[in-house]
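Chain letters run A, B, ... following the sequence lines, proteins first and then strands; every chain starts at 1. It should be emphasised that the depicted structure is a prediction, and the values quoted were computed from it without experimental measurement.
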Amino acid sequence: MSTRSDRTYDPAAIEREWQATWDREGTNSFTLDELRTARRPFYNLMMFPYPSAEGLHVGNIYAFTGADVHGRFQRMRGHDVFEPIGFDAFGIHSENFALKAGVHPMDLIPGNVANFTRQLRRMGGMFDWDHTVDTTAPDYYRWTQWLFLQFFKHGLAEQKEAPVNWCPSDMTVLANEQVVVGACERCGTPVEQRFIRQWFLRITEYAGRLLDNLSAIDWSDTTRKAQRAWIRRSRGAEILFPVMEEADKEADGGNPAAIPVFTTRPDTIFGATYMVLAPEHPLVDAVTSDTARDEVDAYRARTRAMDLVARQKIEKHKTGVFTGGYCINPATRRPIPVWIADYVLMGYGTGAIMAVPGHDERDFDFANAYGLPIVRVVADEGEDAGTPLAIAYEYPQGTLVNSGRYDGLSPEEAHHAIVDHLGAEGLAESQVTYRLHDWCISRQRYWGPPIPIIHCEDCGPVAVPDEDLPVVLPRVEDFRPDESGVSPLARVRDWYEVPCPSCGRDATRETDVSDTFLDSAWYFLRYPCTDFDDRPFDAEITRRWLPVDTYIGGNEHAVLHLLYARFVAMALHDMGRVDFEEPFTQFRAHGLIIRGGAKMSKSKGNVIIPDPIIERYGADTFRLYLMFLGPFMAGGDYQDKGIAGPHGFLHRLWESVVPRNGELADGPPDPELETQLHRTIQRVTDQVAALRYNTAIAAMMEYLNAVRAGGRTPVRAEVEPLVRLVAPFAPHIAEELWRRLGNRGSIFDGANWPEFDAAKAAERQVRVAVQVNGKVRGTVSAPKGADREAVVAAARAEPNVARHLAGMAVRKVIHVPDRLLNFVVAREVVRTK
RNA sequence: GCCGGGGUGGUGAAAUCGGUAUACACAGGGGACUUAAAAUCCCCCGGGAGCAGUCCCAUGCGGGUUCGAGUCCCGCCCCCGGCACCA
């Protein structure tokens, strides 16, 4: 006996009930045994959140809902879908918040995680709560440390002194990927260059493979392009320019024999009229003459003081200083002056260039500013050796001139010939250079996994033995970073003073912690294996579930997390630990939710807080609305009132299955509705598969409108398939209606996605547009597949068409079957007798 | 500057192997039901002309190809995102 209230759509009540049921029945979780035996495994991954104190924001929910819809869809099509979630809770972000709030991160994070968990459950995600990870849990970061040691043991982690990016506000070094236009990606402070000994993972070893594999993986194009641009390969040559001896030069340390430069245009070497070193170049001192020394030192000091933003942005015109030294152009055998200038970067190539002002815009500007000679060595069509250069001619097309025996060759031929000939003398070598740098993972901060290394005076850096992992991050009340360039852990003497694991003598722990991005570079391997505490990931389960089938996340990680994760997987593959190189078979970048045309931000005051909306409308409505805003991969503009549409739709759906008066009737579906139903199934299936959720929802709305048109009462066969179609978007109401339709168990158990029947989707009659000279003048109804003659006859009978054809000669008739008919006409030539 | 993505009603957006532009939804207006509200249902809703049938114009701007262009080509303008002296 159903009561009145029992027949009213009450989202809060049914969502609470079904979430409890899912937990109780284990609907969304796998046992270890199930993970081992799943027959059609599908790993549906989304980027795990950083659990902020503010709670889940709309952007998180948008991304997770879109990924969850995909997971539920795959499940309804018969896959065993593993959909885990976790928390990326280490890192500067959390730590800075803790500093500001005056709370220890160890006290702060658990509350945030609990709040996120509550919100994630409330939005109705199909998460496996038995397989979550928290990167700050010792039983997780134990394996992050283990992972680092694998790199260390395979020679892929090394400590080296190199120019690194120092953020003076966060007081730590940053990876290149975390520096945006010379500023810290998090706080926007211009970064400084420092030379400190740091731990690097040698991602550059993998640059070529990371680049080449991109063309073979099913990823969003924008993401692949961003990675290509970031890694960027340049093919060219390294060429040695011997330094000219100076009689009066002191021999302190001896003169360098030659300075290597990297160039992509060895063919232009006859036009190299001077050389430029980066101000930080280690050979600057050696080439500088005594007379130039003061000026050179002053310039270097000035450059050092400049942050990278100033160096890259403000100094638009080029500056530099002559060192007083010369080296020999190995092609012309003539001396050329050596300059230093800040437009040459120590971080790329060799930090030294051969300047070819005739054929490089930057060198051209510099040569003009300092009166250095400009020589043409490539002539385009219609030019010759003497044609003056108004601007640098940079194209690799034309013919070599002023280049001795190479005159007349094409730049490409000359490129190879010159490298070959100089190579024979040991002065040149073909070389491929990448823009990608090694990944600096040291952080001089507190809130991260300690790097598991012990420094011993005798043994050098020694790995912490596996059985001593994890190196537990000690609770330190004063965890503020400082200017010193070392971590706050360096203030905790009784923690870092340990015996050397190798020789037993007094030694010290590494006090830096590792980059948060190392935590997240392997978390997807951990999820299915959290049942194991004696290994980071289990070989058998990993073989069954990985690589990840679909990964959905934000494109802001295109060159951060997504690059690091690929690198880690590739390295683990080479170590024989996993049998795939690429961890994510398919990656889709979702769009951004904006509001009022602008990104949501606290400063703009346009942030949407999801909790009250879910409370008022229910998670199903909110999910449906977010997915309806626009194409998932493009994002959408959040409009407060728009939620009324999806809300009404779910109400009408409910009302159709649970009529206010009486029961849902059985009986045959209306034939026209049946046709529309199958067309809808087809559209929704295609569009959901393509992540085009907005149009899928529109198709469902259209169908329900038709079912209810004019207040008609639908029968079961008309609405039951719609309940299945809507289930990925609005799982709670779908479960409830599924139950009320008389089914047992979850709609997500069993392959309940409706079957599309092409025969039933076929329309018998079609509307054909009739044009005269390309303008629509009417439509006619015709049987599907009607031939041209039949349609022409029907069209001519249409009064408005006939009117436009009157007095006209038909030159041509274009017929697009079942779509369109176009009469091409011209005014009839009137013949008079 | 370079590389992506995009400019369509009052608004979010549909339609891209060239084939009835504005689906779906919001906002707005009118109506039915109701004591009332909610919910539900019906109608109108790009601009202009006309009583109407209907006609003209409109997808950032200017050209072009085509029987036919939001869609393709050429030249611009604007917005969003990324990269930025990479030798």
Checklist entry - Between atom NE2 in A/H647 and atom C1' in B/U40, what is the gap in whole Å? => result 14 Å

Item to check | P gap between B/C17 and B/U71, integer Å | outcome: 13 Å

Next on the checklist: Output the rounded distance in Å from CZ (A/F241) to C1' (B/A87).
Outcome noted: 12 Å

Checklist entry - Considering only the C1' atoms, how many Å lie between B/G62 and B/A52, rounded to the nearest integer? => result 38 Å

Checklist entry - Tell me: CG of A/L653 to P of B/A39, nearest whole Å? => result 17 Å

Checklist entry - Which one is paired to B/U59, where only Watson-Crick or G-U wobble pairs with both distances under 3.5 angstrom count? => result none

Checklist entry - Under 4.0 Å: is that the gap between some side-chain N or O of A/K775 and OP1 or OP2 of B/A69? => result no

Next on the checklist: I'd like the P distance from B/U8 over to B/A13, given in whole Å.
Outcome noted: 9 Å

Next on the checklist: Over all strands shown, is A/H804 touching base, sugar-phosphate only, or nothing at heavy-atom distances under 4.0 angstrom?
Outcome noted: sugar-phosphate

Item to check | A/L629 CG - B/A13 P separation (whole Å) | outcome: 8 Å

Next on the checklist: Syn or anti for B/G12? Use the chi torsion, O4'-C1'-N9-C4 for purines and O4'-C1'-N1-C2 for pyrimidines, with syn inside 90° of 0.
Outcome noted: anti

Hey, what are the protein-to-nucleotides 42-53 of chain B N/O distances that come in under 3.5 Å?
{"unit_1": "B/C42", "atom_1": "OP1", "unit_2": "A/G710", "atom_2": "N", "d": "3.1"}

Checklist entry - Between A/W230 and A/R435, is there a cation-pi geometry (under 6.0 Å to ring centre, at most 45° from the normal)? => result yes

Next on the checklist: Base, sugar-phosphate or nothing for A/G347? Non-hydrogen atoms, less than 4.0 Å.
Outcome noted: nothing

Checklist entry - Between B/C74 and B/U22, how far is it from one C1' atom to the other, in whole Å? => result 28 Å

Item to check | Closest nucleotide among B/A84, B/U54, B/C26 to the A/R803 side chain | outcome: B/U54

Checklist entry - Do the ring centers of A/F729 and A/F628 come within less than 6.0 Å of each other? => result no

Item to check | Upstream residue (5' side of RNA chain B) when A/F649 and A/D363 are each assigned their closest nucleotide | outcome: A/F649

Checklist entry - Between A/G636 and A/V559, who's closer to the 5' end of RNA chain B by nearest nucleotide? => result A/G636

Next on the checklist: Rounding to an integer number of Å, can you tell me how far A/R652 CZ sits from B/A39 P?
Outcome noted: 11 Å

Checklist entry - Touch check for A/N555, heavy atoms < 4.0 angstrom, all strands: base, sugar-phosphate only, or nothing? => result nothing

Checklist entry - Using atom C1' of each nucleotide, how far apart are B/U16 and B/G7 to the nearest Å? => result 15 Å

Next on the checklist: For A/R362 and A/Y343, which I'm curious about, is there any donor-acceptor pair between the side chains at under 3.5 Å?
Outcome noted: no

Checklist entry - Applying a 3.5 Å limit to both distances, which nucleotide forms a Watson-Crick or G-U wobble pair with B/G12? => result B/C24

Checklist outcome for this item: Mate of B/G4 across any strand shown (Watson-Crick or G-U wobble, both atom pairs under 3.5 Å) is B/C80

Next on the checklist: Between B/G5 and B/C85, how far apart are the two P atoms, rounded to whole Å?
Outcome noted: 23 Å

Checklist entry - Looking only at atom types and distance, does a side-chain atom of A/Q227 sit under 3.5 Å from a main-chain N or O of A/R224, one as donor and one as acceptor? => result no

Checklist entry - What's the verdict on side-chain hydrogen bond (donor to acceptor under 3.5 Å, both in side chains) for A/T779 and A/R767, showing C-alpha distance, side-chain angles and the deciding distance? => result CA-CA 6 Å; A/T779 63; A/R767 304 289 312 171; 2.6 Å; yes

Checklist entry - At under 4.0 Å between heavy atoms, what does A/R777 touch on the DNA or RNA strands: base, sugar-phosphate, or nothing? => result sugar-phosphate

Item to check | Which residues share a side-chain contact (heavy atoms from CB on, under 4.5 Å) with A/R595, sequence neighbours left out | outcome: A/M600, A/N606, A/I608, A/Y638, A/D640

Checklist entry - With respect to the phosphate group of B/C3, does any side-chain polar atom (N or O) of A/K225 fall under 4.0 Å of OP1 or OP2? => result no

Item to check | Partner nucleotide of B/U35 by Watson-Crick or wobble geometry (both distances under 3.5 Å) | outcome: none

Item to check | A/H590 and A/Y62 aromatic ring geometry - parallel, tilted or perpendicular at 30°/60° bounds | outcome: perpendicular

Next on the checklist: Base, sugar-phosphate or nothing for A/R692? Non-hydrogen atoms, less than 4.0 Å.
Outcome noted: sugar-phosphate

Next on the checklist: Can you identify which nucleotide, out of B/U11, B/A87, B/C67, has its nearest atom closest to the A/K812 side chain?
Outcome noted: B/C67

Checklist entry - B/A25 C1' sits how many Å from A/M701 CE, rounded? => result 6 Å

Next on the checklist: Using the C1' atom as the point on both nucleotides, what is the distance between B/C33 and B/C42, in whole Å?
Outcome noted: 11 Å

Item to check | A/K318 to A/F366 six-membered ring, cation-pi geometry met (6.0 Å, 45°) | outcome: no

Next on the checklist: Assess, by modelled atom type and distance only, whether the side chains of A/D438 and A/T204 contain a donor and an acceptor separated by less than 3.5 Å.
Outcome noted: yes

Name the pairs: protein N/O against N/O of nucleotides 18-23 of chain B, kept only if under 3.5 Å.
{"unit_1": "B/G19", "atom_1": "O2'", "unit_2": "A/R819", "atom_2": "NE", "d": "3.4"}
{"unit_1": "B/G19", "atom_1": "N2", "unit_2": "A/Q771", "atom_2": "OE1", "d": "3.3"}
{"unit_1": "B/U20", "atom_1": "OP2", "unit_2": "A/R819", "atom_2": "NH2", "d": "2.8"}
{"unit_1": "B/A23", "atom_1": "O2'", "unit_2": "A/E702", "atom_2": "OE1", "d": "3.3"}
{"unit_1": "B/A23", "atom_1": "O2'", "unit_2": "A/E702", "atom_2": "OE2", "d": "3.3"}

Item to check | Rounded distance (Å) that lies between atom P of B/C80 and atom CG of A/D637 | outcome: 14 Å

Next on the checklist: Suppose we screen for ring pair (Phe, Tyr, Trp, His ring centres under 6.0 Å). Which residues come up paired with A/Y617, at least two apart in sequence or across chains?
Outcome noted: A/H647

Checklist entry - Quick one: A/L650 CG to B/A39 P, roughly how many Å, whole number? => result 14 Å

Checklist entry - Would you call the rings of A/W219 and A/F587 parallel, tilted or perpendicular if under 30° counts as parallel and over 60° as perpendicular? => result tilted

Hey, can you pull the donor-acceptor pairs under 3.5 Å for the side chains in residues 814-822 of chain A, sequence neighbours left out?
{"unit_1": "A/D818", "atom_1": "OD1", "unit_2": "A/G785", "atom_2": "N", "d": "2.8"}
{"unit_1": "A/D818", "atom_1": "OD2", "unit_2": "A/G785", "atom_2": "N", "d": "3.4"}
{"unit_1": "A/N822", "atom_1": "OD1", "unit_2": "A/N773", "atom_2": "N", "d": "3.4"}
{"unit_1": "A/N822", "atom_1": "OD1", "unit_2": "A/G774", "atom_2": "N", "d": "3.0"}

Checklist entry - How would you label the contact of A/P631 with the nucleic acid (heavy atoms, under 4.0 Å): base, sugar-phosphate, or nothing? => result sugar-phosphate

Checklist entry - Picking from B/C55, B/A87, B/A27, which would you name as closest to the side chain of A/N800? => result B/C55

Item to check | B/A84 OP1/OP2 closer than 4.0 Å to side-chain N/O of A/R435 | outcome: yes

Checklist outcome for this item: Among the nucleotides B/A87, B/C85, B/A27, whichever has the atom closest to the side chain of A/Y348 is B/A87

Next on the checklist: Under the rule for ring pair (Phe, Tyr, Trp, His ring centres under 6.0 Å), what residues qualify as partners of A/F241, not counting sequence neighbours?
Outcome noted: none

Next on the checklist: Can you check the distance between B/U34 and B/G29, where both ends of the measurement are the P atom (answer in whole Å)?
Outcome noted: 23 Å

